[in-house]
Amino acid sequence: MFNKYQYNDNFKIRRFLMRTHFDIIYKETIERELRIKSLLIEQPSRALGKCLSLKGINEIYFLKEAVLDNKVLESKQFLYVIGLLNSYYAEFGNRDIFEVLNTFTFPVLSDNVELINRYMNYKPTIYKDTFATYFGKSIQAVISKDDETLSMNIKGLQKHSKGGWEKHFSGIVTAFKGFLYGDKLLIENGIEELLDKHNKQEHPTFVKDFINYEATTINKLSNYINIPLNINHILMPKELLPIKPLDNYEIPYDFLKVN
């Protein structure tokens with residue numbers, strides 16, 4: 001059963017223990033980014049092959065800024081960069097952007113309107129019948145207020161949530177049903193179910209003690225339909241929940257500027 005107080009205490013302890021280790025990772029990450037930037041100056045054609053590395057680097061920067069430095073609003077800059085990198089990787093690498101479950105969470109949490117609109121136009125090219133695809137398309141449907149499309153994608157989510165790794169994300173089905181019916185309690189129940197299964201969802205080691213991207217994004221989506229939620233959790237940074245774009249977003253890599 002979901003116990004937010006026990007979860008919060010456990011994660012606070014683990015964060016404290018991880019802080020020193022994370023500082024070491026952060027310093028190594030800065031050095032790694034500098035090496036990649038130097039390489040791309042000499043060999044710009046290798047940009048595509050470095051997208052995933054740069055995505056991981058900016059995820060470390062996001063976590064450092066948002067969680068350890070408590071600069072959550074400023075951290076949207078790195079969520080924006082991750083969203084750009086995913087777009088570039090999909091478009092220039094001929095990959096299906098719906099391939100990975102959390103891909104659509106980054107533009108939504110970044111609050112960059114241009115990037116969100118870009119993601120609203122994506123259609124699956126390869127993975128047309130997967131849990132990740134239905135999740136991304138459900139996000140699109142909530143933002144565009146398209147209940148018919150949302151209903152279709154909920155059916156897809158439900159079909160895939162009965163087994164495998166997807167069963168640990170079954171709260172997504174419950175939450176999106178709440179969006180479809182305008183049911184606040186159902187959305188909250190879905191988020192709580194997601195968080196209750198957080199440790200079974202195989203999130204990357206350096207991420208799992210800091211944020212649940214899917215739960216945070218679903219919580220934030222409630223603002224698009226004007227249903228304020230009463231649910232707080234250490235894995236959903238509350239400063240990311242309001243729709244509040246930054247005054248300025250920077251593109252740190254030249255190859256993304258021409259995309």
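Positions are given from 1 along the sequence.
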J.: Tell me whether I243 shares a hydrophobic cluster with I187, the cluster being built from Ile, Leu, Val, Met, Phe, Trp, Tyr side chains joined at under 4.5 Å.
T.: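 Same hydrophobic cluster.
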J.: For the side chain of Q77 and the backbone of E250, is there at least one donor-acceptor N/O pair under 3.5 Å apart?
T.: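 It does hold such a pair.
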J.: Nearest 0.5 angstrom please: I57 CD1 to I60 CD1, how far?
T.: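 If we round to the nearest 0.5 Å, I57:CD1 and I60:CD1 are 9.0 Å apart.
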J.: Nearest 0.5 Å, what's the NZ-CD distance between K244 and E239?
T.: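 Interatomic distance, K244 NZ to E239 CD, rounded to 0.5 Å: 10.0 Å.
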J.: Let me know which of Q201, H233, K197 forms a side chain to side chain donor-acceptor pair (under 3.5 Å) with N212.
T.: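 The side chain to side chain donor-acceptor pair (under 3.5 Å) with N212 is passed solely by Q201 among Q201, H233, K197.
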J.: Tell me if a side-chain donor or acceptor on N58 pairs with a main-chain N or O of L54 at a distance below 3.5 Å.
T.: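 Indeed, once roles are kept as given, a pair shorter than 3.5 Å links the two residues.
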J.: Got a second to check how far L194's CG is from T217's OG1, nearest 0.5 Å?
T.: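 Going from the CG atom of L194 to the OG1 atom of T217 covers 10.5 Å.
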J.: Locate the shortest heavy-atom distance separating F92 from L48; write the atom from each residue and the value.
T.: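 Closest pair (atom of F92, atom of L48, distance): O-CD2, 3.7 Å.
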J.: Is it the case that the side chain of K145 and the backbone of Y224 share a donor-acceptor pair, with hydrogens and angles ignored and the cut-off at 3.5 Å?
T.: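 Present.
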J.: Can you check whether G83's main-chain N or O pairs, donor with acceptor, with Y119's side chain at less than 3.5 Å?
T.: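 Judged by distance alone, yes, a pair lies under 3.5 Å.
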J.: Do any N or O atoms from the side chain of S222 and from the backbone of N219 form a donor-acceptor pair under 3.5 angstrom?
T.: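 Pair found, side chain donor or acceptor close to backbone of N219.
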J.: For L180 and D147, work out which heavy atoms get closest and say how close.
T.: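 That would be CD1-O, 3.5 Å.
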J.: Can you list the steps and then say if K128 with T133 is a side chain to side chain contact (heavy atoms under 4.5 Å, CB included)?
T.: CA-CA 6 Å; K128 297 183 179 181; T133 293; 5.6 Å; no
J.: Parallel, tilted or perpendicular: which one describes the rings of F176 and F179, with boundaries at 30° and 60°?
T.: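 Geometry flag for F179 against F176: tilted rings.
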J.: Taking the six-membered ring for Trp and the full ring for Phe, Tyr or His, determine whether the centres of F135 and F104 are under 6.0 Å apart.
T.: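 That pair fails the under 6.0 Å test.
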J.: State, to 0.1 Å, how close I191 and I231 come at their nearest heavy-atom pair, and which atoms those are.
T.: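 Looking at all heavy atoms of both residues, the closest pair is CG2-CD1, 3.6 Å.
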J.: To the nearest 0.5 Å, what is the distance between CD1 on I172 and CG on L101?
T.: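 Separation between the atoms: 5.0 Å.
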J.: To the nearest 0.5 Å, what is the distance between OG1 (T103) and CG (N86)?
T.: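 It is 5.0 Å, given to the nearest 0.5 Å.
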J.: Would you find more than 12 non-hydrogen atoms of other residues, nucleotides or ligands less than 6.0 Å from K159 atom NZ?
T.: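 Result for NZ/K159: enclosed.
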J.: Within the side chain of Y249, is there an N or O that forms a donor-acceptor pair under 3.5 Å with the backbone of S110?
T.: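 Looks like yes, one N/O pair under 3.5 Å.
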J.: What's the spacing between S38 OG and Q43 CD if we round to 0.5 Å?
T.: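 Taking OG in S38 and CD in Q43, the distance rounds to 11.5 Å.
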J.: Looking at E114 and R118, does any basic side-chain N land under 4.0 Å from a carboxylate oxygen?
T.: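 Salt bridge absent between E114 and R118.
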J.: Determine whether I218 and V72 fall in the same hydrophobic cluster, where Ile, Leu, Val, Met, Phe, Trp and Tyr are linked whenever their side-chain heavy atoms lie under 4.5 Å apart.
T.: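 Yes.
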J.: Grab the two heavy atoms, one from N223 and one from P242, that are nearest each other, plus how far apart they are.
T.: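 So the two residues come closest at ND2-CA, 3.9 Å.
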J.: State plainly whether one hydrophobic cluster holds both Y181 and L185, where clusters connect Ile, Leu, Val, Met, Phe, Trp and Tyr through side-chain heavy atoms under 4.5 angstrom apart.
T.: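 No, Y181 does not connect to L185 through the hydrophobic network.
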J.: Apply side chain to side chain contact (heavy atoms under 4.5 Å, CB included) to residues L84 and N112 and explain how you reach the verdict.
T.: CA-CA 11 Å; L84 283 179; N112 183 279; over 6 Å; no
J.: Going hydrophobic residue to hydrophobic residue with side-chain gaps under 4.5 angstrom, can you get from L39 over to L256?
T.: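 No, L39 does not connect to L256 through the hydrophobic network.
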J.: Is the ring pair H198/H203 parallel, tilted or perpendicular, if the boundaries are 30 and 60 degrees?
T.: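 The arrangement is parallel - the two ring planes meet at less than 30°.
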J.: Would a distance-only check, ignoring hydrogens and angles, find a side-chain to backbone donor-acceptor pair under 3.5 Å from E65 to K71?
T.: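 No, the answer is negative, given that no donor and acceptor are paired below the 3.5 Å cut-off.
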J.: Tell me, please, which residues at least two apart from K177 pass salt bridge (charged side-chain N to carboxylate O under 4.0 Å, His left out).
T.: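 K177: no salt bridge (charged side-chain N to carboxylate O under 4.0 Å, His left out) contacts found.
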J.: Can you give me the closest heavy-atom contact between T105 and N102, atom names plus distance?
T.: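 The pair with the smallest heavy-atom distance is OG1-O, 2.6 Å.
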J.: Determine, using the 4.5 Å side-chain heavy-atom cutoff (strictly less than), whether V207 and V100 are members of one ILVMFWY cluster.
T.: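 No; V100 is not reachable from V207 via cluster members.
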J.: For the pair K137 (side chain) and L150 (backbone), establish whether a donor and an acceptor sit closer than 3.5 Å, ignoring hydrogens and angles.
T.: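 Such a contact is absent between K137 side chain and L150 backbone.
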J.: Over 60° means perpendicular and under 30° means parallel, so classify the ring planes of F169 and W165, tilted if in between.
T.: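 Perpendicular: the ring planes of W165 and F169 meet at over 60°.
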J.: Specify the closest pair of heavy atoms between I116 and P107, including all atoms of both residues, with the distance to one decimal.
T.: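 Between these two residues, the closest heavy atoms are CG1-O, 3.3 Å.
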J.: Surrounding CE of M120 (heavy atoms of other residues, nucleotides or ligands, distance under 6.0 Å), is the total greater than 12?
T.: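 Yes, because the 6.0 Å sphere around CE of M120 holds more than 12 heavy atoms from other groups.
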J.: Taking H160 for its side chain and D129 for its backbone only, find out whether a donor-acceptor pair lies under 3.5 Å.
T.: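 Looks like yes, one N/O pair under 3.5 Å.
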J.: Using side-chain hydrogen bond (donor to acceptor under 3.5 Å, both in side chains) as the criterion, list what pairs up with E59, not counting sequence neighbours.
T.: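 side-chain hydrogen bond (donor to acceptor under 3.5 Å, both in side chains) list for E59, sorted by chain: Y213.
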J.: Quick check: does any side chain N or O of D96 sit under 3.5 Å from a backbone N or O of Y127, one acting as donor and the other as acceptor?
T.: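 Indeed, once roles are kept as given, a pair shorter than 3.5 Å links the two residues.
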